Enquirer: 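Structure in structure tokens, see below.
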Protein chains: 2
Amino acid sequence: MNIKQVAKKARVSTATVSRIINDSSLVSPETARRVWRTIRQLNYHPDSQARSLVSGRSRILGLIISDITNPFFPELVKGFENLALQNHYEVILNNTNYDPARMATCVRRLLERRAEGVAIMTSEMDPELTDELAKRGIPIVFLDVGSVRNRISNIRVDYAQGIREAVDHLITGGHRRIGFISGPMSLKSACTRKSAFLKCWRAYGFAEDNGLIVEGNHKIDGGESAMSRLLQLKPRPTAILASNDLSAIGALGAIRLAGLRIPEDISVIGFDDIDFGQFTHPPLATIRLSRTELGGKAFNALYRILHGDSKKGEEYNVETHFVARESTGPAPQPGRQTQ
Amino acid sequence: MNIKQVAKKARVSTATVSRIINDSSLVSPETARRVWRTIRQLNYHPDSQARSLVSGRSRILGLIISDITNPFFPELVKGFENLALQNHYEVILNNTNYDPARMATCVRRLLERRAEGVAIMTSEMDPELTDELAKRGIPIVFLDVGSVRNRISNIRVDYAQGIREAVDHLITGGHRRIGFISGPMSLKSACTRKSAFLKCWRAYGFAEDNGLIVEGNHKIDGGESAMSRLLQLKPRPTAILASNDLSAIGALGAIRLAGLRIPEDISVIGFDDIDFGQFTHPPLATIRLSRTELGGKAFNALYRILHGDSKKGEEYNVETHFVARESTGPAPQPGRQTQ
DNA sequence: GGCGCAAATGTAATCGATTACATTCCAACT
DNA sequence: AGTTGGAATGTAATCGATTACATTTGCGCC
């Protein structure tokens, strides 16, 4: 079922069939109709490998993430993929599983498949690997990476905005002792979030009190243990900001386990706005980061480079915003603090 | 950076380079070393499109699912992908978003990419589309589809086993009125689960009481509203089985909202064993369906067909098992039922 | 020394498309 | 009538690999 068989059956040359598949404008309408009928009859599907071999365009994009089972990523993938498919690109999804060696494998495979562009959101990125890609002129878009090398585009996440809104909200509610549960410091994105928090913190003139910042692991159990450490502080923090929603959900559990009430005793705010946050008890206030938008912007960045509408190395921006839900309330009166 | 340039630089023919890339046994070790050095120097990566064009093997597998943002799927994808990558296959992931038209697009794209095999776990599968694939001899594996046409392999999920274990557990605890929150009846998998429950139900000699079976939507909000309907029954059910964990989590919320305690007033059991279930309050008992295993078996089924180790149309099996957690307990004494 | 054989390597056809260039055909214009 | 031009279509080179078949080389043996 190749182009020759179609050409033969329709009594035209392969060139004509090819023209019809790609752009019928150079072919008489009558011939086009006849050939289309043959194509349908034979159920012909052009071989994209052959097409891209000669055209030099694979119509494949790579998307490299850490781990699809991390609830942060599915929406991002969906946002990227939907746009890609609409624009007739195929997406090859790569999970590095937080393993640098696997990352190298991913890049090699994308090179062999002749991917036209690559979007990357992982911590374990060896600069040599990006050079591999860059050397071949393959556009790269990083998502949420602090410092970006020359000629590599970046989608910045404006953490500061959302954090400012959240802290404003807490301060308006009378909170002054705010704890922070960070992600694992081995993860670049966790560091970025922590330093955005710290920066906001200092901007409010608060002293940097290390006891109020504890490290979790961006998972629920890490949030639980981080929170139980925070609960031992005296005076206890009246509000908690977590580096992601999973940590915050863990914190909810630890607080409840300690016999305290949310938000009467402690307010909790997460980060990301994963779906589950709406259904925790109480529903989790959070800072929304639209991952669909993040994925979509990553695709657009690549698309614009591939179509010459923009240069490599541009910066894009995704905003974050505070989402109020029932897990925050006014600070408890100092005297009434239980325990 | 193609094979010719490597051949030229290493002063050998392209055939020799090709042999070295694929299987050096026909080449003198000395030449092989020299050519490998050149390959590394030039940073040559063979073009997989060209390779598969002539070899007739794309080393691409398709994986078609409904929606990656549904927490059921990420682990399945991971299980499939990990094995595929280990065996040097590339995976093209397709989300149909529950849209039959999009499903058709997915299949067409996989045909054009000359995928060597396709694994499918969706409801919206038009038999014409599978025929398209089957006609071209592309092996297909369905995951968890009730009735399967000839020459199509199937990974069966043994729902009965897990449900039996769960119901046994409840009955041992004295429960006799057990409600069931089903998924949307528009989804084939939801129907399969419901009928497995009903079958088990009848096997225990219980009368089929339609009031005890209400339809949710496999999401949290649907579980909430289904549960609040179940709470209006008199006498109220003392235990609930849900068609998936999200529905069960919704049920937990509705029960708490009604001022009842879990498990003292009502026991709840979910289905799937998603990660979140461990962190609900109380932790959610569930019926575990290993999605990693499901994905892995799907790959193995395809792999064995592609390597001639098995025929098309074989059946595989994935077990399900009850996982006890704190959301179940003994049935409340009839007299002591509140409200 | 010549023959045969195996190991090492090369030559060229091939996969299925695209596309530059060539050809054919017919209408319009001088 | 002859020339021109453009529309429609065809011919054949090309993309980057693999591989059947051909060739070269070197060694052992009689």
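Quick note: numbers below take in every heavy atom, side chains included, and nothing from hydrogens, waters or symmetry partners. Residue numbering restarts at 1 for every chain, and letters A, B, ... go by the order of the sequence lines. Source: prediction; values computed, not measured.
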Enquirer: At what distance, to the nearest 0.5 angstrom, does CG of A:L187 lie from OH of A:Y98?
Expert: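 That separation rounds to 6.5 Å.
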
Enquirer: Measure CZ/B:R59 against P/D:dT18 and give the value in whole Å, please.
Expert: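 Taking CZ of B:R59 and P of D:dT18, I get 13 Å after rounding.
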
Enquirer: B:M1 CE to D:dA17 P: how many Å, rounded?
Expert: 11 Å

Enquirer: Side chains of B:T16 and B:S13 only: does a donor on one sit below 3.5 Å from an acceptor on the other?
Expert: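 Looking only at side-chain atoms, B:S13 and B:T16 do form a donor-acceptor pair, the distance falling under 3.5 Å.
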
Enquirer: In whole angstroms, how far is the C1' atom of D:dT25 from the CG atom of B:L26?
Expert: 17 Å

Enquirer: Between the side chain of A:R291 and the main-chain N/O of A:L289, is any donor-acceptor distance below 3.5 Å?
Expert: yes

Enquirer: Report the distance from atom CD1 of B:I39 to atom P of D:dG16, rounded to the nearest whole Å.
Expert: 16 Å

Enquirer: Expressed in angstrom and rounded to an integer, what is the separation of B:R114 atom CZ from C:dG16 atom C1'?
Expert: 8 Å

Enquirer: Quick check: does any side chain N or O of B:R109 sit under 3.5 Å from a backbone N or O of A:Y89, one acting as donor and the other as acceptor?
Expert: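 Such a contact is found between B:R109 side chain and A:Y89 backbone.
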
Enquirer: When all nucleic acid strands are considered with a 4.0 Å heavy-atom cut-off, which category describes B:I21: base, sugar-phosphate, or nothing?
Expert: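 Result for B:I21 = nothing.
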
Enquirer: Listed in order of residue number, which residues of residues 27-35 of chain A have a non-hydrogen atom at under 4.0 Å from DNA chain C?
Expert: none

Enquirer: Would you jot down, in residue-number order, the residues of residues 46-58 of chain A having a non-hydrogen atom under 4.0 Å from DNA chain C?
Expert: A:P46, A:D47, A:A50, A:R51, A:L53, A:V54

Enquirer: Can any side-chain N or O of B:Q49 pair as donor or acceptor with the backbone N or O of A:R113 at less than 3.5 Å?
Expert: yes

Enquirer: Is the shortest side-chain N/O distance from A:N2 to OP1 or OP2 of C:dC15 below 4.0 Å?
Expert: no

Enquirer: Side chain of B:D131, backbone of B:A134: donor and acceptor closer than 3.5 Å?
Expert: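 Checked: no pair found.
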
Enquirer: C:dT9 P sits how many Å from B:N22 CG, rounded?
Expert: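 So the two atoms are 16 Å apart, to the nearest Å.
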
Enquirer: Where is the tightest heavy-atom contact between A:P139 and A:E116, given as atom of each residue plus distance?
Expert: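 In this case the closest contact between A:P139 and A:E116 is CD-O, 3.1 Å.
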
Enquirer: Using a cut-off of 6.0 Å, state whether more than 12 heavy atoms not belonging to A:H307 lie near its atom NE2.
Expert: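 Check passes, neighbour count above 12.
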
Enquirer: Rounded to the Å, how far apart are A:I3 CD1 and C:dT14 P?
Expert: 18 Å

Enquirer: Taking 4.0 angstrom as the limit, do A:K297 and A:E293 come out as a salt bridge?
Expert: yes

Enquirer: Between C:dT18 atom C1' and A:I20 atom CD1, what is the distance in whole Å?
Expert: 14 Å

Enquirer: Going by an N to O cut-off under 4.0 Å, is there a salt bridge joining B:E132 and B:R136?
Expert: yes

Enquirer: Output one line per pair: protein atom, nucleotide atom from nucleotides 10-13 of chain C, and distance, for all N/O pairs under 3.5 Å.
Expert:
{"from": "C:dG10", "atom 1": "OP2", "to": "B:S13", "atom 2": "N", "distance (Å)": "2.5"}
{"from": "C:dG10", "atom 1": "OP2", "to": "B:S13", "atom 2": "OG", "distance (Å)": "3.0"}
{"from": "C:dG10", "atom 1": "OP2", "to": "B:T16", "atom 2": "OG1", "distance (Å)": "2.9"}
{"from": "C:dG10", "atom 1": "O6", "to": "B:R19", "atom 2": "NH2", "distance (Å)": "2.5"}

Enquirer: Could you tell me whether a side-chain N or O of A:N95 sits under 3.5 Å from a main-chain N or O of A:N97, the two making a donor and an acceptor?
Expert: no

